Amino acid sequence: MMDASLLLRLFLGTLLPSALLPLLIAVGLRYGMGEQLWAHAGLHALVEALVGFMGLFVAVVIKLLHRNQQVNGRLLWLCAGLVLSIPLMALHTAPGSDENVVIWLYALATLLGGGVSAGMLLGEQWHSQPRLPYAALLIALGLMGWAMFFPEHIPDMGQWSQLSDLAVGMNLIGALGFVLAWFALISGHVVSGRRAPLLLGNFSLLMASAAIIFLLADTWDSRWWFYHFLRLAALALLLSYFFALYLKDFRVLRENDARFQALVESIHAGVYRTQVTLERRLVYASAQMHQVAGLSMQQCQEGGVSLKSLVVPEDWPHVQEALEWSIKTHVPYEMQYRINHPQRGEMWVSDRGRIIKDHQGQPCWFDGALLNIHEARETEQQLLLAKQVVQTASEAIVITNHKNQIMDVNPAYERITGFMRHEVLGRNPKITQSGRHDASFYATMWKHLVGEGHWSGEIWDRRRNGEIFPKWLAISAIRNRQGVISHFVGVFNDISRQKSTEQQLERLVFYDPLTQLPNRVLFRDRLIHEVGVAERSNKLMSLLLVDLDRFKIINDTLGHGVGDELLLQVSKRLIASVRKSDTVARLGGDEFAIILPGMERAEDAAHVAETIINQLQVPFSIEENELFVGASIGIAVHGQDGDDYDSLTMNADAAMFKAKESGKGTYKFFTPDMNIQNAKRLVMEAELRRAVDNQELMLHYQPKVDAESRQIVGMEALVRWVHPTRGVIPPGEFIPLAEETGLIVPLGELVLTRACAQVKQWWDMGLPQVQVAVNLSPRQFQEPNLIEKVSEILRKTGFPATGLELEITESIAMHDVDNTIETVKKLKDLGVRISIDDFGTGYSSLSYLKKFPLHALKIDQSFVRDLGGDDDGASIISSIISMAKAMALGVVAEGVETAQQMEFLRGQECQQVQGFFLSKPLPPSDFLALLERQQETGCAVTDVMGGKAIT
Ligand SMILES: Nc1nc2c(ncn2[C@@H]2O[C@@H]3COP(=O)(O)O[C@H]4[C@@H](O)[C@H](n5cnc6c(=O)[nH]c(N)nc65)O[C@@H]4COP(=O)(O)O[C@H]3[C@H]2O)c(=O)[nH]1
């Protein structure tokens, strides 16, 4: 609805003045200038020129605005109306035009101007005809040409005072056209807004009015001037509208530009426009390009710098490619590349832009924005790197927020805990708690973590499968800029393998690998510890050293497998014999130590020792063998027998040695005189060393007699130590010491050489050529050059190998059976005979025995001694004899002391006998006499059978 007040204001403000003013001017001119024709003609030309200029100007403006799509297409009809009418109107001022032509031009201009302007009312399909103004121009030119060159063909238009009907009709139709155009204009379809339709409508009304007044006017009268000025006012209205429109556009443009500038300068990005040529020269660069790309402010303002010169050469092809692609596809581009910043060096930028086309759709610019992303990219790279580090780290990493909710974990976390990332996100890390640590542990941990910012330590956790494992955990608190804890980062390692290695190492260092008992190192530690405890308390502490009595024989004869099993079983019995607080340790070989702390009386240690001895006397059953071992125990009590590790162990050792000495299977408390005995042993060792060198050793010979013929068939060489002060020392007292110290090797060589030399001498004397038997100790037997030594001695002494018999013990035979068989075979190859001494005391396996190239078995004297007693010596002897017979071996019975024993052995068809009943071991001179007697009488021991020994 048209606003009435607006209508009134427009009427009063626009239409009225624009009609009144021409009227006043016209009246003023008529009466002011009178009949001065020259003045009227000049003013008329000026007015028409102004009308013509304004009309054409407005026509051009409408056309241009339409091309820029700033005005409605209907206005092209108004434009065409102006193009048609204005030149025609202007033409009538040409000098020499006759009245008919002038009226014709006027009427035609009014007709065509109004008629074509009314085209604004036409339907949609008639709008936006860009060629319409040109067509109008052509028609106008044609009509002008007609009027100018063929005035005679112009219809009769009458005179100013009396217009023809045609002239009147054309003017009326033209006026009607302007009225119709007024309808079109005020409808709001041509121009929008409140004032514009009325303003333009006024133009149309004035034009219509001018056409009507034209009909009433006469040349130079006031009506005549009136319609001229009406048209001038109408066009002035039109011009003012479009001028205002232009001004408005210009202002908007300027505002937009200022706004655009402000906007562009306010953003961090450098905004640019470049040419689409290959160089991509900048035609516009915002001031930010100074910051982003290092352009000078002058370069920013003037442009001209090529984008190519800014970009790092390696990246340019990539930039070119993206821009070309954008030209081709018209799709905006977005890329990241490096530019050479003159001050800051290579900088990463992000470039987003698009192709701009001209009005013909041809690409003409690239408009883009360059953003410095160097720091962001560096940060991104660092983040990427950090992420990769986290992802590939072998340590588990868990990140929580300040509420201790898991925000992220790495693959190592998943591998170690078994929990997948998605299972733990948002949960508390305590899902892996093992329950091994109490609340106070975690409270301390958190206190330290929050206070110090970090915590590290060993902690036990639980895997998803329930398995508990140790880990080394380091947690750091991460604080934000305000210093408030925002995150926690936990890094941990599964240290179960390391732990078990540590434990294994600890076991290796501190425990005996066979029995798993503490070894000497840990024993020492514990003993020192218990000494300290005993000193602080009123309790006694005792140390027991336990040595197994027959372990060596068992180990040598039945092998290490049996030996190891025996030690295992012994260790179990020892543990079972003491309290849990006591320490049972294995010091090596068959030696064990027991620490008994917290005892009331020393006798308590004796009870424990008795228990142990009783326990170890119970036979052990290993691999179908029933094995008997006893134990000798030495006891030292803290305080009375020593107050430190060294004195206690030394004294317990001395006590143990004494226990062994005083018959096995017993215990002894340490007494001070034991140390004296120890000292004695040391002295003896030195003396024995000297004795070997000083020829203090001499040999005695004990005859072996044929049980049937009673003739001496052999002899055993037995060493004696003739001590300068102590007299003759029997071998039982020094052979073990020699064996222990290694002195047995030179001693054994000495004995063998002496025996061979002695018997060779007797043989050379023509005496009965009986064999001599020499004892070989285990240590001698294991000498790698034994064979060479024996053959060298035989060679040196010239004694035939067949005259020599070497006695080895059962334990030697059964130790390392294969090697022993080898050595025995080699000895046999030399011609030497081998017999097994003390047979029956060891654990000889018959099947092995068969493999040895033996000569004879010597029945141990303990069985002979048992004859006639309760023990089953007789049956053992007869078994040995029948076994030897079966194996085609000779048998010698040792230790024959009585006629009964002799009788028994003869009855059992024992081939040879040896013993005090026949003869004690004799010095060489006595044995020589015996041999000589046998040579003379044929039998050296005849009288013996009468019950009297030879010596
Ligand atoms: N009670 C009793 N004893 C009798 C009787 N008949 C012989 N004997 C003793 O029995 C031991 C026999 O020697 P053995 O079994 O080889 O036992 C020997 C032997 O193992 C070792 N031995 C002696 N001389 C040597 C030697 O030159 N080298 C090595 N390696 N060991 C030797 O010392 C051990 C002890 O030698 P001896 O004291 O000489 O003791 C000798 C001998 O005097 C008897 O009727 N009644």
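All figures in this text were calculated on a predicted structure; none of them were measured in a lab. Computed from heavy atoms alone, side chains included, the values below leave out hydrogens, waters and symmetry copies.
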Return yes if a side-chain donor-acceptor contact under 3.5 Å exists between [X] and [Y], otherwise no.
| X | Y | value |
| --- | --- | --- |
| Gln382 | Glu378 | no |
| Ser486 | Asn401 | no |
| Arg377 | Gln336 | yes |
| Ser777 | Glu739 | yes |

Enter the distance from [X]:[atom1] to [Y]:[atom2] here, rounded to the nearest 0.5 Å.
| X | Y | atom1 | atom2 | value |
| --- | --- | --- | --- | --- |
| Ile595 | His529 | CD1 | NE2 | 9.5 Å |
| Phe670 | Ser542 | CZ | OG | 14.0 Å |
| Thr417 | Phe469 | OG1 | CZ | 6.5 Å |
| Ile485 | Arg479 | CD1 | CZ | 4.0 Å |
| Leu596 | Ser581 | CG | OG | 8.5 Å |
| Lys387 | Gln381 | NZ | CD | 14.0 Å |

| message | For Asp408, is there an ion pair with Arg421 - N to carboxylate O distance below 4.0 angstrom? | response | yes
| Is Asp461 salt-bridged to Lys471, cutoff N-O under 4.0 Å? | yes
If you count the non-hydrogen atoms of other residues, nucleotides and ligands that lie under 6.0 Å from [atom1] in [X], is the total more than 12?
| X | atom1 | answer |
| --- | --- | --- |
| Arg779 | CZ | yes |
| Arg415 | CZ | yes |
| Arg507 | CZ | yes |
| Asn785 | CG | yes |
| His318 | NE2 | yes |

| Are Leu543 and Leu527 close enough that some pair of their side-chain heavy atoms sits under 4.5 Å apart? | yes
| query | Is there side-chain contact between Val531 and Asp643, with at least one heavy-atom pair below 4.5 Å? | reply | no
Kindly say whether [Y] contributes a backbone atom to a donor-acceptor pair with the side chain of [X] at under 3.5 angstrom?
| X | Y | value |
| --- | --- | --- |
| Asp641 | His638 | no |
| Glu810 | Gly840 | yes |
| Asn614 | Thr611 | no |
| Asp512 | Leu517 | no |
| Arg463 | Glu467 | no |
| Asn625 | Leu627 | no |
| Asp549 | Val629 | no |
| Asn493 | Ile495 | no |
| Asn651 | Ala654 | no |
| Asn819 | Gln782 | no |

| Qualifying ring-ring contact (aromatic ring centres under 6.0 Å, His included) pairs with a residue from residues 483-522, counting only residues at least two apart or across chains | Tyr413-Phe492, Trp446-Phe488
| task | Return the orientation label for the His437 and Phe441 ring planes: parallel under 30°, perpendicular over 60°, tilted otherwise. | result | parallel
| query | Which is it for Leu587 and Phe592 under the side chain to side chain contact (heavy atoms under 4.5 Å, CB included) test, yes or no, and what are the steps along the way? | reply | CA-CA 5 Å; Leu587 304 185; Phe592 295 84; over 6 Å; no
| note | Sorted by chain and residue number, the salt bridge (Lys or Arg N to Asp or Glu O under 4.0 Å) partners of Glu661 (sequence neighbours excluded) come out as Lys658
| side chain to side chain contact (heavy atoms under 4.5 Å, CB included) evaluation trace for Glu314 with Trp316 | CA-CA 6 Å; Glu314 300 95 81; Trp316 180 244; over 6 Å; no
| field | Derivation and outcome, side chain to side chain contact (heavy atoms under 4.5 Å, CB included), residues Val292 and His268 | value | CA-CA 8 Å; Val292 179; His268 289 301; over 6 Å; no
Which heavy atom of [X] sits nearest a heavy atom of [Y], and at what distance?
| X | Y | answer |
| --- | --- | --- |
| Ile613 | Gly665 | CG2-O, 3.8 Å |
| Phe551 | Gly563 | CE1-O, 3.4 Å |
| Arg344 | His341 | N-ND1, 3.2 Å |
| Ser577 | Gln615 | OG-CG, 3.5 Å |
| Met335 | Ala322 | SD-CB, 3.4 Å |
| Leu514 | Leu568 | O-CD2, 3.6 Å |

| field | Criterion side-chain contact (heavy atoms from CB on, under 4.5 Å) against Pro518, the qualifying member of Arg526, Arg524, Arg586 | value | Arg526
| said: Show, in sequence, the C-alpha distance, side-chain angles and deciding distance for Gln391 and Gln388, and conclude whether the side chain to side chain contact (heavy atoms under 4.5 Å, CB included) test is met. | reply: CA-CA 5 Å; Gln391 289 296 306; Gln388 277 171 354; 5.5 Å; no
